[in-house]
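Taking it in order: structure first as structure tokens, then the write-up.
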2 protein chains.
Amino acid sequence: MAQVRPMRADARRNYERLLKVAAEAFAEHGESASLDDIAKRAGVGSGTLYRHFPTRQALLEAAYVGRVEALGSRADELAAQLPPGEALTEWLYELCVGSIQVRGLKALLGSAVTDGSTAALTACGTTVRGAADRLIEAARADGFLRADLEPVELLRLAHGVTTAAELADGKGTRIRRYLALVTEGLRA
Amino acid sequence: MAQVRPMRADARRNYERLLKVAAEAFAEHGESASLDDIAKRAGVGSGTLYRHFPTRQALLEAAYVGRVEALGSRADELAAQLPPGEALTEWLYELCVGSIQVRGLKALLGSAVTDGSTAALTACGTTVRGAADRLIEAARADGFLRADLEPVELLRLAHGVTTAAELADGKGTRIRRYLALVTEGLRA
DNA sequence: TACCATGCGGAGAGAGCCCCCGGTTGGCAA
DNA sequence: TTGCCAACCGGGGGCTCTCTCCGCATGGTA
């Protein structure tokens, strides 16, 4: 079922140009970049954009799958070359930095760890949750993390840290500091 | 300078109705509630709304000063009847709960601890920072908090915790848990 | 009572979102 | 090659929202 006949050549062309332009636009203006504008810049009508990507979320997701997957493989890379605790710490840092630098990515990652989200949260959610699972499992086995911490909770807290760092200066300078505060606790 | 002649009666009437309606609207629809709609519901033209409150931020702020001030006095109340550490913890909890339950308040409190914010962040910023200062100073003196923690950092982290809890279920059920995680740290 | 600064209101320009449908075209079958 | 038609295109248009502008109403005062 769901016979997937290949896209017509013109459709595929438009699809790809939209993705490219969208990634730029979201990075520049954040997740609320104008969709009509993206269509215009890609040289297609807005109808075409909405046919390929029914919702803003769909476009956002499609535009950044690559980046999210890079985050996933980066996790394995770090796991291979650092002790579990450090690998996790560094990965979280890169996650937060990406969330701030690539505007729009934060929104995507956020919705990937939202509970009430529409059913299956797609590739991105799976990818990033999977990566986190692996790193956390290792870190926990190594005695670095408390045992009662769910992976998704850590991802949500990382999102929170990003938000906090954004409030500070909008540029992510404070990420390392806030991440350390959260990891080590606020107690004397 | 800045001769402050009292508002004309009709102006004052409109001003107050706008505030009341705005508080309801922001609470219901979040900070992006429609301003024209608020004007309509208050029975005034949109021009009137924009004259009294030039920006969305100004209206948001004016609509919630009361609530923010309540948060300020609540801090002293708690300080008077609980040990410093508990007072701080409880206050932070109430801060986060308010941020989630009263949609729009979160945005206001967030901008109150933003660095690049436009010059003087007004009454709300001062109030909430003041309250935090007092509680934190006491908690620190009591050996509850690490010494290198700036009050504004804690407020930002609280904002982050709120964001994280919002991702979880949108209702704030997880606030206590996440606040505890951050306070105690994630280490084993 | 009459004057006029102060304040009102809503029309309208501008920007976005998204749907819809008449026209076009890629790709296949003959 | 040619011709056909499903798939696809594009942008007009209805809607919502923001924010400004200016002719008109009215509260407060002399």
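So you know, we letter chains A, B, ... as the sequences are listed, proteins then strands, and number each from 1. What's counted below: heavy atoms across the whole structure, side chains too, no hydrogens, waters or symmetry copies.
- If you take CG of B/L59 and P of D/dC19, they are 11 Å apart, rounded to a whole angstrom.
- Shown here for B/I136 and B/P151, the closest heavy-atom pair between the two residues is CD1-CA, 3.4 Å.
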- [ ] Walk me through it: do A/R174 and A/D169 pass the test salt bridge (charged side-chain N to carboxylate O under 4.0 Å, His left out)?
- [x] CA-CA 8 Å; A/R174 296 288 160 70; A/D169 67 356; 5.7 Å; no
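- Residues in residues 91-108 of chain A take part in these salt bridge (Lys or Arg N to Asp or Glu O under 4.0 Å) pairs, two or more places apart or across chains: A/R74-A/E94, A/K106-A/E166.
- Within residues 39-56 of chain A, the residues approaching DNA chain D are A/G43, A/V44, A/G45, A/S46, A/G47, A/T48, A/R51, A/H52, by heavy-atom distance under 4.0 Å.
- Considering only residues two or more places apart in sequence or on other chains, B/F144 meets the ring pair (Phe, Tyr, Trp, His ring centres under 6.0 Å) condition with none of them.
- In summary, contact between chain A and DNA chain C, defined as any nucleotide atom under 4.0 Å from a heavy atom of the protein, begins and ends at C/dG16 to C/dG27 in the 5' to 3' direction.
- Each side-chain hydrogen bond (donor to acceptor under 3.5 Å, both in side chains) pair with one or both residues in residues 146-155 of chain B, not counting sequence neighbours, appears once here: A/R177-B/D148, A/R177-B/E153, B/R146-B/D148.
- Take B/E16 and apply the salt bridge (Lys or Arg N to Asp or Glu O under 4.0 Å) test, not counting sequence neighbours, and it matches B/R12.
- Within the 4.5 Å cutoff, the side chain of A/T163 has heavy atoms near those of the A/H159 side chain.
- Looking at heavy atoms from C-beta onward, B/Q81 lies out of side-chain contact with B/E90 at the 4.5 angstrom threshold.
- Judged as a salt bridge (Lys or Arg N to Asp or Glu O under 4.0 Å), and not counting sequence neighbours, B/D133 has no contacts.
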Check nucleotides 28-30 of chain D against the protein and report each pair of N or O atoms closer than 3.5 Å, with its distance, or say if there are none.
from   : atom 1 : to   : atom 2 : distance (Å)
D/dG28 : OP1    : B/A9 : N      : 3.0

Considering only distance and modelled atom types, tabulate donor-acceptor pairs under 3.5 Å from the side chains of residues 34-49 of chain B, sequence neighbours left out.
from  : atom 1 : to    : atom 2 : distance (Å)
B/S34 : OG     : B/D37 : N      : 3.1
B/D37 : OD2    : B/R41 : NE     : 3.4

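- Judged as a side-chain hydrogen bond (donor to acceptor under 3.5 Å, both in side chains), and not counting sequence neighbours, the contacts of B/Y178 are A/R156.
- A/R187 is linked by a side-chain hydrogen bond (donor to acceptor under 3.5 Å, both in side chains) to nothing, counting only residues two or more places apart in sequence or in another chain.
- The stretch residues 13-38 of chain A comes close to DNA chain D through A/N14, each having a heavy atom under 4.0 Å from the strand.
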